Amino acid sequence: MPPRRKKKESDKKAPKPNDSRPRFYWDYVPGVGERAERSVARAQGAVNQARADFYGVGDTLPSGSNMHSMQALLAELIDDLHLEEEEFAAEILARAWAKAVGPFISGRAELTSVSHGIACVRTAHPTVRFELNRLKPQIIRALNAALGDNTVTSVRISHG
């Protein structure tokens with residue numbers, strides 16, 4: 001491999017002529033003071049203007065434009081949860097379940113919730129699950145009698 005030759009001063013590229021626009025200008029920022037800001041090129045200014053026209057906002061948004069109070073955020077969150085449906089307390093569900101299926105099955109299976117017309121039942125025994133699947137129509141009638149008409153439309157049974 002041939003040895004590398006050293007670069008001469010004449011080999012270096014000359015810098016490009018300086019633009020008439022300054023690269024930086026001094027700007028006063030409230031709370032910070034004066035600081036150097038980079039100049040925006042004409043093309044970038046056109047891009048910023050196009051964005052502002054399209055989105056309907058200026059170049060910069062006020063610092064508090066995206067701030068919301070905790071009360072407003074919680075109200076919005078609660079509205080999104082759709083909590084209009086009445087929730088049943090655990091003791092009401094336990095009493096209605098014991099009345100619907102009797103003491104033997106209620107000791108081996110638990111009514112965990114009733115939501116959107118679906119009664120969710122959890123059991124640890126596969127035999128009890130089989131029996132509950134067989135008795136679904138009677139369970140639905142008994143739960144509706146205990147909790148109110150058309151409260152329960154179906155029963156979902158989970159094992160585990």
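The first residue in the sequence is number 1, and the count goes up from there. This structure is a prediction, so every number in the text was calculated from the model and none was measured.
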- Is L73 reachable from L77 through a run of hydrophobic residues whose side-chain heavy atoms are each under 4.5 Å from the next? no
- With rounding to the nearest 0.5 Å, note down the distance linking CG in L111 to CD1 in I157. 10.5 Å
- Message: Is the shortest side-chain heavy-atom distance between W97 and I139 below 4.5 Å?
- Response: yes
- Message: Once rounded to the nearest 0.5 Å, what's the spacing between atom CZ of R122 and atom CG of L132?
- Response: 13.5 Å
- State the CG-CD1 distance between L147 and I92, to the nearest 0.5 angstrom. 8.0 Å
- Item | Side-chain (K136) to main-chain (V155) donor-acceptor, under 3.5 angstrom | yes
- Task: Keeping the roles fixed (side chain from N144, backbone from D149), state whether a donor-acceptor pair exists under 3.5 Å.
- Result: no
- Task: Measure from the side-chain N and O atoms of T112 to the backbone N and O of C120, and report whether any donor-acceptor pair falls under 3.5 Å.
- Result: yes
- Task: Walk me through it: do L135 and Q138 pass the test side chain to side chain contact (heavy atoms under 4.5 Å, CB included)?
- Result: CA-CA 6 Å; L135 296 173; Q138 291 92 337; 4.1 Å; yes
- Supply the atom-to-atom distance H159 NE2 to H125 NE2, rounded to the nearest 0.5 angstrom. 9.0 Å
- Is it true that a side-chain atom of T123 and a backbone atom of R108 form a donor plus acceptor pair closer than 3.5 Å? yes
- Query: Between V128 and A109, what is the shortest heavy-atom contact and its length?
  - Reply: CG1-CB, 4.2 Å
- Might you point out which heavy atoms bring A146 and A96 nearest each other, and give the distance in Å? CB-CB, 3.7 Å
- Do T153 and I140 come within less than 4.5 Å of each other through their side chains, counting heavy atoms only? no
